[in-house]
Asker: 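One structure, as structure tokens, below. Some questions next.
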Amino acid sequence: MDVARIREDFPVLKRIINGHPLVYLDSACMSLKPLQVIAAMREYYEQYPACAGRSIHKLGEEASNAYSAARSKIADFINTAEPEECIWTRNATESLNMVASSVKLPKGSKIVTTTLEHHSGSLPFVERARRDNLKIEIIEAKDDGTFDIEDWKSVIDTNTSLISVVHSSNVTGTVAPMKEIVEIAHDRGALVMSDDAQYAPHHPLDVQDLDVDFSAISVHKMCGPTGVGVLYGKMGLLKSMDMFLVGGDTVADVRYVDGKIVPEYLPPPEKFEAGLQNYAGAIGAGAAADYLQSIGMHNIELHERNLLSFMLKSLKELDNVTIFGTDDIHIKTGLVAFMVSTVNTAHDVAGYLSDSYGIMLRSGAHCTHPYHYQMGIPPSKGTNRASVYLYNNRKDVEAFIEGLHALIEASS
Amino acid sequence: MLGQPSLDEINDLNVERSKPSKSYTQKLSYLSILRHETMSGLSRNAQCVLRILELSESMLTSEILEAARQPEYVDLCADCAGGDAFIAAASQLANQGLITKKFGKGGYRWHLVGAK
């Protein structure tokens, strides 16, 4: 993998921030955008900014073709059985809410989730349980972000209807044993909702091989535009789900019979895509999937693991730094959460590294407050998170470690 | 939005004008910022940070976050427990020259402009 050449695709990496070349270590929050994605979206706006699937003219036809192709590209990216199993959403959060709100679950059944979930992976299901008076049980992650598989075996029972689990944690980076979890869940008749917001951009994702029932993806984390997400669902389940939003584009017909309005709805994916869609965003998402696949997800995963090993080794050599999450890089996405004991809050680390070194990383509780409370860390103190992606190199990690050295000295 | 300084705040300031002090200087600065905010449309979190910094000559980041959770600020300071939005707002204020920050022992220390 030619990282130097890849970096040329990302114009923002040419920026100088506070006198330093930009070092971007916040891809777990927002990935940078390559020229190929920007060009694809620009082409839509410049050449065929029309309605897809409804306008019978040349621009409409071009928009329809590009929009349809984008869905196929995403479907190919995660290997769905058919493109129509991919629903466009605004982000993974909306995808998770769509399932939590609309999937049919038996009365009195149980939902299972974990302490490691992003709030977007837990709260929609907490609220669903509250809405329908369902039971909900929480599996506690170990301090290093891994799980004891025996906990899954004991908590998932035949009354369990759905499991919401983060495939790759946005705070510890740990990768859940998804295949085993799916096997246990299906054995007991439960559905599995996989939060792939952090997993899909960094690892090869094959939803058929994993046999998950639903998967949620945020395109902005995988070199695509903001405001675009994907919900994958097995077609049979999507067909049986209640609608999330209704209105234009969701209907085959709306008849007026005997003084009543009688809708006849379309099958998925249109069933879940009410109103005018984010065509440019979807086209950008398709371009992002193409771009990542042209480099190869296995290559990206390997590259990140090399950088991650170097980063973990370097951080461990620093006094005053505590690392969270497993250091087994084979079950870890390319991010490290840590705390620096010489400052009072993680925000000061992020501020100092940006101000003094042009290094961008994340601070706070990363929308995973339960895990921070579990670890005895008040959200306001928070943790820092440095995350790498395909465009990062060893120099980025070296600059980050040098910046941390200076910060510790200045704050001690 | 806070909008213009209230009549009570202006009256308090007029009383203090006859006996200038450090707190008077700070409050004068604060009120000038409040007027400025009406023009520039500062966010609620930015206003929150300004109001908290009025309390002290300087505060550590953690102290600002702690103060923001106190009941007297609940109507103005609305952020998640992580405090991300407060600190982002404080950084914007610093870039606008309305407050200053200095890195040292324990982290950043924030000052209202005009305060020592």
Asker: Okay, side chain of A/H372, backbone of B/G82: is any donor-acceptor separation there less than 3.5 Å?
Answerer: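 Judged by distance alone, no pair lies under 3.5 Å.
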Asker: Please say whether more than 12 non-hydrogen atoms of neighbouring residues, nucleotides or ligands are located less than 6.0 Å from CZ in A/R130.
Answerer: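 Incorrect, the count does not exceed 12.
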Asker: Heavy atoms only: give me the nearest A/S411-B/G107 pair and the separation to one decimal.
Answerer: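 Minimum heavy-atom contact is CB-N, 4.3 Å.
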Asker: With only heavy atoms counted, which part of A/S380 is less than 4.5 Å from chain B, the side chain, the backbone, both or neither?
Answerer: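 Both parts, heavy atoms under 4.5 Å.
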Asker: Apply side-chain contact (heavy atoms from CB on, under 4.5 Å) to residues B/D84 and A/R362 and explain how you reach the verdict.
Answerer: CA-CA 10 Å; B/D84 307 30; A/R362 185 71 197 275; 3.0 Å; yes
Asker: Measure the OG1-CG distance between A/T345 and B/L60 for me, rounded to the nearest 0.5 Å.
Answerer: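 Those atoms lie 9.0 Å apart.
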Asker: Find out whether A/T342 and B/K105 are in side-chain contact, i.e. whether some heavy atom of one side chain is under 4.5 Å from a heavy atom of the other.
Answerer: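 The answer is no, as the side chains (C-beta and beyond) never meet within the 4.5 Å cut-off.
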Asker: What part of B/F103 is in contact with chain A, defined as an atom under 4.5 angstrom from a non-hydrogen atom: side chain, backbone, both or neither?
Answerer: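 The side chain, not the backbone.
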Asker: Measure the spacing between OH of B/Y108 and NE2 of A/H347 and express it to the nearest 0.5 Å.
Answerer: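 One finds 13.0 Å between OH of B/Y108 and NE2 of A/H347.
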Asker: Is there a side-chain contact between A/D355 and B/K101 (heavy atoms, below 4.5 Å)?
Answerer: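 When only atoms from C-beta onward are counted, B/K101 and A/D355 do touch, with a gap below 4.5 Å.
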Asker: Answer yes or no: is there a donor N or O on one side and an acceptor on the other, between the side chain of A/N344 and the main chain of B/S62, under 3.5 Å?
Answerer: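 Not at all, since once roles are kept as given, no pair shorter than 3.5 Å links the two residues.
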Asker: Is the number of heavy atoms from other residues, nucleotides or ligands within 6.0 Å of CZ (A/R90) greater than 12?
Answerer: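 At most 12 heavy atoms, drawn from other residues, nucleotides or ligands, come within 6.0 Å of this atom.
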Asker: For A/K14, I'd like to know if atom NZ has over 12 heavy atoms of other residues, nucleotides or ligands within 6.0 Å.
Answerer: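 Above 12, so yes.
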Asker: Counting only heavy atoms not in A/E409, do more than 12 fall under 6.0 Å of its CD?
Answerer: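 No, CD of A/E409 has 12 or fewer neighbouring heavy atoms, counting only those of other groups under 6.0 Å.
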Asker: Quick check on the interface: out of A/G382, A/G364, A/G351, A/A365, who has the most heavy-atom pairs with chain B under 4.5 Å?
Answerer: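 Greatest number of close heavy-atom pairs with chain B: A/G351.
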Asker: Just wondering, are more than 12 heavy atoms of other shown residues or ligands nearer than 6.0 Å to NZ in A/K395?
Answerer: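 Not more than 12 within 6.0 Å, no.
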Asker: If you count heavy atoms of other groups shown closer than 6.0 angstrom to CZ of B/R69, is the number above 12?
Answerer: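 Above 12, so yes.
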